Amino acid sequence: MDIMNPSSIEDHILTTLKDGPLPIVKLIEIIEKSRPRTTKQGVYLIIRKLKKQEIVVVHKKTIHLSSVWLTWMTEFLDQARYNTEHTVSPGNSFLNLKDGEKLQYSFKNPILTDAFWSHVFITLVDSSAPQNSVLIYNPHEWFLVVRTENETSLFQRIYDRGQKLAVLTGHNTALDKSMRVHFDGTHGLYETPEEMPFEKTNYYLNVIGDFVIEAWLDKKISTQMNEFYARTATLNDSAKKELEDLLMQKGKNKFSISHNKRKADTIRRKFKKYFFL
């Protein structure tokens with residue numbers, strides 16, 4: 001099941017029904033538009049499967065998500081979130097880092113790096129003090145281009161806690177500047193300075209409380225990305241696909257998490273040159 005990026009008929013049924021009950025005929029129309037070549041018979045086959053699993057309920061030719069299933073899913077996710085955030089495991093052992101300690105990881109491409117990065121980011125945000133702003137530095141804010149839903153949901157999570165977010169980029173190309181539409185200037189701040197705040201062009205940085213996340217993406221991929229941003233003024237489907245393919249290439253990508261109050265405070269002072277925090 002992939003409700004973030006629906007591809008199967010089942011994915012499309014569940015993501016469509018999250019907005020409320022629908023006549024089955026209307027549901028089929030919606031799925032046929034978003035998933036061409038889907039047959040009516042194929043949709044009915046999946047509906048029968050979901051009914052048997054008690055995930056959906058059909059009454060008078062109208063289909064809706066089962067309240068029983070939704071309650072179970074809510075309880076499951078609440079328990080999973082609690083256990084993820086409060087149980088020490090290889091996936092969240094960074095929560096027990098003492099001041100001055102550090103963990104480092106390697107991933108084969110930037111997209112996989114970002115998947116784990118998001119997990120670490122959310123966990124640290126949820127355990128941080130809301131009065132401390134979350135700081136992000138990216139050479140380019142490509143996350144908003146190829147992982148838009150994931151990135152904006154991370155930002156909203158910060159805003160919902162009453163925290164400020166400051167995002168600083170290393171370049172000010174037309175495409176970098178266009179990402180400003182995702183920030184309101186009050187809770188979400190965004191700056192594209194003329195000169196790079198950090199020397200390395202493949203270096204990424206987050207500061208959340210006294211934790212510092214650093215990532216070094218593959219140098220060859222980073223160079224290709226800089227070239228892409230330099231020649232791409234507007235974003236269309238073709239350009240987005242090109243950037244996605246670029247980021248799926250294999251390479252050397254390092255990722256580290258450190259609990260380091262002194263370093264976090266130093267970076268905060270650097271950010272205050274660009275933001276009123």
Side-chain angles (χ1 to χ4, degrees), residues 102-118 120-121 133-148 150-152 154-155 165-183 188-208 211-236 238-258 260 263-264 266-275:
K102 180 178 182 178
L103 289 173
Q104 189 160 302
Y105 307 83
S106 296
F107 297 91
K108 68 180 182 180
N109 67 52
I111 298 296
L112 288 177
T113 306
D114 185 46
F116 181 68
W117 195 338
S118 297
V120 174
F121 189 91
S133 300
V134 175
L135 311 180
I136 293 176
Y137 168 73
N138 299 322
H140 300 286
E141 232 300 353
W142 56 263
F143 308 89
L144 279 171
V145 178
V146 300
R147 288 176 63 79
T148 312
N150 181 69
E151 191 78 343
T152 53
L154 292 181
F155 292 174
L165 167 69
V167 178
L168 185 64
T169 68
H171 297 79
N172 66 343
T173 68
L175 191 53
D176 287 303
K177 292 177 180 178
S178 71
M179 295 297 104
R180 192 178 296 277
V181 298
H182 294 280
F183 303 85
L189 311 174
Y190 183 73
E191 289 298 331
T192 57
E194 292 289 334
E195 296 183 359
M196 290 187 68
F198 297 91
E199 185 178 348
K200 292 185 177 180
T201 59
N202 66 331
Y203 177 66
Y204 295 72
L205 173 70
N206 304 154
V207 176
I208 307 167
F211 284 86
V212 178
I213 299 173
E214 295 173 284
W216 296 263
L217 298 193
D218 184 84
K219 289 182 179 179
K220 180 182 175 182
I221 294 175
S222 296
T223 298
Q224 292 174 352
M225 191 187 306
N226 288 340
E227 293 169 353
F228 170 86
Y229 269 78
R231 69 172 185 272
T232 307
T234 57
L235 194 65
N236 54 33
S238 175
K240 183 177 178 181
K241 180 66 166 56
E242 182 183 349
L243 184 57
E244 288 174 345
D245 290 345
L246 188 160
L247 289 163
M248 286 301 294
Q249 295 178 92
K250 291 184 178 180
K252 296 179 180 179
N253 303 283
K254 291 193 300 181
F255 179 90
S256 76
I257 311 159
S258 58
N260 193 322
K263 187 171 187 175
T266 299
I267 297 167
R268 266 190 280 271
R269 286 194 292 272
K270 191 178 184 78
F271 265 66
K272 286 180 180 178
K273 297 178 182 179
Y274 305 95
F275 303 100

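These numbers were taken from a predicted model, which means no experiment stands behind them.
The CZ atom of F271 sits 5.0 Å away from atom CG of L135, with the distance rounded to the nearest 0.5 Å. A distance of 9.5 Å separates CD in E242 from CG in N236, rounded to the nearest 0.5 Å. The distance from the CG atom of L235 to the NZ atom of K240 is 7.5 Å, given to the nearest 0.5 Å. From K200, atom NZ reaches atom NZ of K219 across 6.0 Å, with rounding to the nearest 0.5 Å. From W142, atom CH2 reaches atom CG of L246 across 10.0 Å, with rounding to the nearest 0.5 Å. Here the CD1-CZ distance, from I257 to F211, works out to 8.5 Å after rounding to the nearest 0.5 Å.
Listed by chain and number, the residues in a ring pair (Phe, Tyr, Trp, His ring centres under 6.0 Å) with F255 are F116, W117 (sequence neighbours excluded). Scored by the side chain to side chain contact (heavy atoms under 4.5 Å, CB included) test, D245 finds K241 as partners (sequence neighbours excluded). Scored by the side chain to side chain contact (heavy atoms under 4.5 Å, CB included) test, A230 finds no partners at all (sequence neighbours excluded). Taking K263 as the reference, V212, E214, N260, I267 meet the side chain to side chain contact (heavy atoms under 4.5 Å, CB included) condition, with sequence neighbours excluded. For R268, the side chain to side chain donor-acceptor pair (under 3.5 Å) partners at least two apart in sequence or on another chain are D265. The side chain to side chain contact (heavy atoms under 4.5 Å, CB included) check on T148 picks up T152, H182, with sequence neighbours excluded.
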Decide yes or no on side-chain contact (heavy atoms from CB on, under 4.5 Å) for V145 and M179, but give the supporting numbers first. CA-CA 8 Å; V145 178; M179 295 297 104; 4.0 Å; yes

How far apart are the C-alpha atoms of V134 and F155, what are their side-chain angles, what is the distance that settles it, and do they pass the side-chain contact (heavy atoms from CB on, under 4.5 Å) test? CA-CA 10 Å; V134 175; F155 292 174; over 6 Å; no

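Under the side chain to side chain contact (heavy atoms under 4.5 Å, CB included) rule, I136 has a single partner from N206, L205, I213, which is N206.
No donor-acceptor distance shorter than 3.5 angstrom exists from the side chain of N202 to the backbone of W216, with no hydrogens or angles considered.
Looking at heavy atoms from C-beta onward, Y190 lies out of side-chain contact with L144 at the 4.5 angstrom threshold. Contact of the P197 side chain with the L168 side chain is registered, since non-hydrogen atoms from C-beta on lie closer than 4.5 Å. Within the 4.5 Å cutoff, the side chain of M225 has no heavy atoms near those of the P139 side chain. E141 is listed as a side-chain neighbour of V167, based on a closest heavy-atom distance under 4.5 Å. With contacts defined as side-chain heavy-atom distances shorter than 4.5 Å, the pair N226/H140 qualifies. Considering only heavy atoms from C-beta on, T169 comes within 4.5 Å of P193 through its side chain. Under the 4.5 Å side-chain criterion, counting only non-hydrogen atoms from C-beta, F228 is in contact with L175.
In this pair, F143 and Y204 present their aromatic rings perpendicular. The plane angle is above 60°, beyond the 30 to 60° band. The aromatic rings of F198 and Y137 are tilted relative to each other, their planes meeting at an angle between 30° and 60°.
Across all non-hydrogen atoms, the minimal contact from A239 to T234 is CB-O, 4.4 Å. In terms of heavy-atom proximity, T192 sits nearest to R180 at OG1-NH2, 3.9 Å. Nearest heavy atom pair, residue H171 against residue D176, reads CB-OD2, 3.3 Å. Taking all atoms of both residues into account, the shortest heavy-atom contact from G251 to D218 is CA-OD1, 3.3 Å.
Heavy atoms of other residues, nucleotides or ligands lying less than 6.0 angstrom from CD of Q104 number more than 12.
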